[in-house]
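In this text the structure is predicted, and so the values were computed from the model without any measurement. Within every chain, numbering begins at 1; the chains are lettered A, B, ... in the order of the sequence lines, protein sequences first and strands thereafter.
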Amino acid sequence: MPELPEVESVRRSLLPYLPGRSVTEAEVHHPKVLVTPTPPEFISQIKGKRFETLGRRGKLLIFELPPYYLLIHLGMTGQVTFRDPGREDRPFERHPHTGLQRTLQHPVDQHTHIVLHFGDGCALLYRDIRKFGKWRLIHQDNPRLQSELAKVGTDPLTPDWKFEPFLKAVSKSDRPIKAILLDQQICAGVGNIYADEALFVSGIRPESRGSQLSRPRLKKLFQAVPEVLLKGLAAGGTSFSDYVDADGKKGSNQEQLLVYGRYGQACFRCQQTLLRTTVAQRTSSWCKTCQKP
DNA sequence: ACCTCGACCTGGGCGC
DNA sequence: TGCGCCCAGGTCGAGG
């Protein structure tokens, strides 16, 4: 559940459960899931620690368990869910456009690699089919904490998202604008879906070079980025709560992606067939008439 | 500093 | 039913 809106939905879904709960036991099942430090050290260090704040920057979850910070990156298929044995487990639902699996609660299965127990039967589960995700437990005084956080740049849903620095970063670059949007230093949290969406909304082709885009067009793009992220967040939240209400299927179709994954289909604005090209090594969908070079 | 490629993994969908 | 191929939200390191 990789891009900013999905990660933020995960963070919010855990808010009612994690803060104040202490880890009594921990299990790490699969050695290939990247956990630092080593699983035995991770387990002994996290035992007895209490969840405090749940933060996020870009796609990185930043959980505070004094005196440690737990940094979680979900990779492509990571899922963090709270499991209450007093509640019923739910089946996985596939996102109509992205294919991402979602559920409110699931039992431990072959893809569940980490379990944190809270002593009351409840647990935090980490499931990751492709195992690209990473869990890092870092002491608050370890300088590596700051270096890890520094790898994540400006999050477009914070007050740090300011036009002048964005303009400067983009216009000095000859890279395709899509590559710039995917740069986590510049737009932390934007991934393939929301890069395509923001470019469509602002009428810019993904392969356009940053240095060739005018100030007004970049202003539009600058505004489109948080706009599409917030729209995704609202849709994610909607389908998630609909799902909680056990009226799943209709709710999960709420998410309307304008271009991502829609190549070969008609553009919602002009009915032209959406094109597919590879930019920055990622599949991109875009509209030849609505998006100008 | 940038690009491209391959690697890391598993599973779903498609054509034959 | 099965096999082979291509595809997928992300990042990282090597080599040009």
Worksheet item: For every nucleotide of nucleotides 11-16 of chain C, 5' to 3': is a protein heavy atom under 4.0 Å from its base (B), only from its sugar-phosphate (S), or from neither (-)?
Response: S-----
Worksheet item: If the sugar-phosphate is the primed atoms plus P, OP1 and OP2 and the base is the rest, what is the B/S/- string for nucleotides 1-10 of chain B, using protein heavy atoms under 4.0 Å?
Response: -SSB---BBB
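The closest donor-acceptor contact from the side chain of A:Ser202 to the backbone of A:Lys220 lies at 3.5 Å or more, if one exists at all. In this structure a side-chain-to-backbone donor-acceptor pair under 3.5 Å is missing from A:Ser208 to A:Pro293. In this structure a side-chain-to-backbone donor-acceptor pair under 3.5 Å is missing from A:Glu25 to A:Phe118. Distance alone, capped at 3.5 Å, is enough to place a donor-acceptor pair between the A:Glu3 side chain and the A:Tyr194 backbone. A donor-acceptor pair under 3.5 Å is formed between the side chain of A:Arg56 and the backbone N or O of A:Gly58.
By the 4.0 Å N-to-carboxylate-O rule, A:Arg50 lies close enough to A:Glu52 to be salt-bridged with it. Between A:Glu164 and A:Lys168, none of the side-chain N atoms (NZ, or NE/NH1/NH2) sits under 4.0 Å from a carboxylate O, so this pair counts as no salt bridge.
Taking atom CZ of A:Phe92 as the reference point, atom C1' of B:dG12 lies 15 Å away to the nearest angstrom. Across the protein-nucleic acid pair, A:Asn192 atom CG and C:dA8 atom P stand 8 Å apart, rounded to whole Å.
Applying the salt bridge (charged side-chain N to carboxylate O under 4.0 Å, His left out) test between A:Asp183 and each of A:Arg175, A:Lys151, A:Lys178 identifies A:Arg175 as the sole match.
Taking side-chain N and O atoms only, A:Thr283 has no distance below 4.0 Å to OP1 or OP2 of C:dC7.
For the P atoms, the distance from B:dG11 to C:dT11 is 22 Å, rounded to whole Å. Taking the P atom of each, C:dC3 and B:dC9 are spaced 23 Å apart, rounded to whole Å. Taking the P atoms as reference points, C:dT1 lies 24 Å from B:dT10, given to the whole Å.
No hydrogens or angles considered: nothing links the side chains of A:Arg205 and A:Gln291 as a donor-acceptor pair under 3.5 Å.
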Worksheet item: So what's the dot-bracket for DNA chain B: Watson-Crick or G-U pairs under 3.5 Å, [ ] if a pair crosses, | if it pairs off-strand?
Response: .|||||||.|||||||
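Annotation for A:Gln271: atom CD counts as buried by contact number, over 12 foreign heavy atoms lying within 6.0 Å.
By the 30° and 60° cut-offs, the orientation of the rings of A:Phe222 relative to A:Trp161 is parallel.
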